[in-house]
Amino acid sequence: MSVPAPIVTENDKKLLQSFLNNPEKASEVRHTMESFSKLMAYYKCAMMEIETKFNVLNEEFSLRYDRTPISGIKTRLKRLDSIIQKLQRDNTPLSLKAVETTLNDVAGVRIICSFVDDVYMLAEALLSQDDITLIKTKDYIKNPKPNGYRSLHLIISVPIFLLHEKKQMKVEIQFRTIAMDSWAALEHQLKYKKDTEFTDEMAKDLYLCSQLSAELDTRMNNLRKKVNI
């Protein structure tokens with residue numbers, strides 16, 4: 001397992017200092033960075049809560065049915081430069097309050113499932129828990145994006161229990177099958193390669209690959225039903 005990157009890097013501090021554009025505000029920058037670091041720690045705790053919930057569900061499913069529906073779990077915190085860029089694109093003033101109230105994807109958890117049916121089963125199991133609040137759903141499996149992207153996205157709120165308080169934090173959860181995740185990872189490598197023009201013909205080929213991926217998921221899901229697992 002790789003060592004997680006620090007929540008706030010030296011480059012982040014320089015970036016925020018530049019953003020404030022006032023070297024006389026060193027104490028304000030320091031206070032802001034401390035507050036930002038604390039907020040990111042809260043988001044990290046929320047991701048840990050969600051990851052634990054899915055690990056428990058996976059273990060219970062293994063005991064009941066002798067198989068595990070989750071192939072892998074990935075987590076990520078949005079970087080400070082990405083947070084600033086997104087707030088600027090939305091013409092939202094930079095503040096910690098804006099981060100919490102405006103952005104839904106600061107904390108992200110990706111659940112890689114074996115079969116399409118497992119995606120919906122796990123999503124339903126999570127949402128049935130009484131401490132989980134659903135904020136938004138985007139089903140790109142039933143309604144894929146024009147480029148062929150498929151995934152089930154949930155924005156949820158989960159409580160984290162601190163020393164003297166309980167705090168609600170938002171987490172974006174993406175559910176994908178192994179095939180969906182492989183296509184998305186390769187699509188990102190191909191489409192966003194630097195110094196390379198991505199043509200309409202390339203986009204068409206990627207879309208056809210997504211269709212093949214969808215057909216694979218359908219066939220594997222049907223085989224799962226026949227094998228009765």
Side-chain angles (χ1 to χ4, degrees), residues 42-78 100-161 166-185 187 210-229:
Y42 292 164
Y43 277 117
K44 185 177 180 180
C45 290
M47 292 192 305
M48 291 165 60
E49 289 280 352
I50 295 300
E51 186 173 10
T52 298
K53 285 177 177 294
F54 281 113
N55 281 328
V56 170
L57 288 172
N58 208 35
E59 184 65 23
E60 181 188 10
F61 203 90
S62 175
L63 292 171
R64 283 176 178 254
Y65 304 107
D66 195 31
R67 80 172 183 91
T68 52
I70 298 176
S71 174
I73 301 177
K74 302 175 183 178
T75 61
R76 70 104 184 92
L77 275 176
K78 189 178 281 293
E100 285 195 80
T101 58
T102 306
L103 303 184
N104 292 327
D105 61 345
V106 175
V109 177
R110 184 176 301 153
I111 309 299
I112 313 301
C113 302
S114 300
F115 303 99
V116 174
D117 284 350
D118 292 337
V119 166
Y120 294 103
M121 179 272 294
L122 288 167
E124 183 179 352
L126 178 72
L127 294 177
S128 68
Q129 298 183 16
D130 57 13
D131 60 343
I132 295 293
T133 301
L134 176 64
I135 298 174
K136 185 183 296 185
T137 302
K138 289 185 178 180
D139 193 339
Y140 297 116
I141 299 176
K142 294 179 180 177
N143 301 288
K145 289 186 177 182
N147 68 343
Y149 174 85
R150 296 182 300 131
S151 182
L152 174 64
H153 292 197
L154 302 181
I155 305 297
I156 59 92
S157 175
V158 62
I160 59 170
F161 295 86
K166 179 176 75 171
K167 188 171 180 63
Q168 293 287 337
M169 301 300 298
K170 290 187 288 187
V171 179
E172 180 189 58
I173 306 173
Q174 297 178 354
F175 296 86
R176 298 176 183 172
T177 63
I178 298 169
M180 292 175 199
D181 192 57
S182 295
W183 180 90
E187 187 262 357
S210 75
Q211 297 300 99
L212 293 173
S213 171
E215 182 180 352
L216 174 63
D217 271 334
T218 299
R219 288 178 177 270
M220 296 301 288
N221 207 56
N222 290 337
L223 281 171
R224 181 199 64 80
K225 293 176 182 178
K226 291 178 181 178
V227 176
N228 194 28
I229 62 171

Just verifying a value: how many Å separate [X] [atom1] and [Y] [atom2], rounded to the nearest 0.5 Å?
X    : Y    : atom1 : atom2 : answer
F54  : I173 : CZ    : CD1   : 4.5 Å
L134 : L127 : CG    : CG    : 5.5 Å
K138 : S151 : NZ    : OG    : 11.5 Å
N55  : I50  : CG    : CD1   : 11.5 Å
S210 : L216 : OG    : CG    : 12.5 Å
C113 : M180 : SG    : CE    : 8.5 Å

Can you find a heavy atom in the side chain of [X] that is under 4.5 Å from one in the side chain of [Y]?
X    : Y    : value
F175 : L154 : yes
E49  : V171 : no
R67  : R224 : yes
L122 : K53  : no
L152 : T137 : yes
C45  : M169 : no

Run the salt-bridge test on K78 and E172 with the 4.0 Å N-O cut-off and return the result as yes or no.
-> no

Any ion pair linking K166 and D131 (charged N to carboxylate O, less than 4.0 Å)?
->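 So D131 does not pair with K166 through a salt bridge.
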
side-chain contact (heavy atoms from CB on, under 4.5 Å) test vs Y43 passes for just one of T75, I160, L77, namely L77

Given I156, V158, L57, the one that forms side-chain contact (heavy atoms from CB on, under 4.5 Å) with Q129 |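 The option that passes is L57.
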
Search all heavy atoms of G108 against all heavy atoms of M47 and return the closest pair with its distance.
->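 Reported closest heavy-atom pair: O-SD, 3.5 Å.
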
What is the minimum heavy-atom distance between A125 and S128, and which atoms define it?
->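 Residues A125 and S128, closest heavy atoms: O-OG, 2.7 Å.
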
Describe, in one word, how the ring planes of Y140 and H153 are oriented to each other, choosing from parallel (under 30°), tilted (30 to 60°) and perpendicular (over 60°).
-> perpendicular

Does any donor atom in the side chain of Q168 or S157 lie under 3.5 Å from an acceptor atom in the other side chain?
-> yes

Tell me if a side-chain donor or acceptor on [X] pairs with a main-chain N or O of [Y] at a distance below 3.5 Å.
X    : Y    : result
S182 : I178 : yes
N221 : D117 : yes
K170 : E100 : yes
N58  : I70  : yes
N222 : T218 : yes

Derivation of the side chain to side chain contact (heavy atoms under 4.5 Å, CB included) call for I73 and V109 = CA-CA 7 Å; I73 301 177; V109 177; 4.0 Å; yes

Return yes when atom CE of M220 has more than 12 non-hydrogen atoms of other residues, nucleotides or ligands closer than 6.0 Å, and no otherwise.
->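 12 or below, so no.
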
In sequence, state the C-alpha distance, the side-chain angles, and the governing distance for E215 and R219, and then conclude on salt bridge (charged side-chain N to carboxylate O under 4.0 Å, His left out).
-> CA-CA 6 Å; E215 182 180 352; R219 288 178 177 270; 3.1 Å; yes

With side chain to side chain contact (heavy atoms under 4.5 Å, CB included) as the test, would you mind laying out the steps for R176 and Y149 before giving the verdict?
-> CA-CA 10 Å; R176 298 176 183 172; Y149 174 85; 3.2 Å; yes

Validate the cation-pi geometry between K142 and Y120: distance from NZ or CZ to the six-membered ring centre under 6.0 Å, angle to the ring axis within 45°.
-> yes

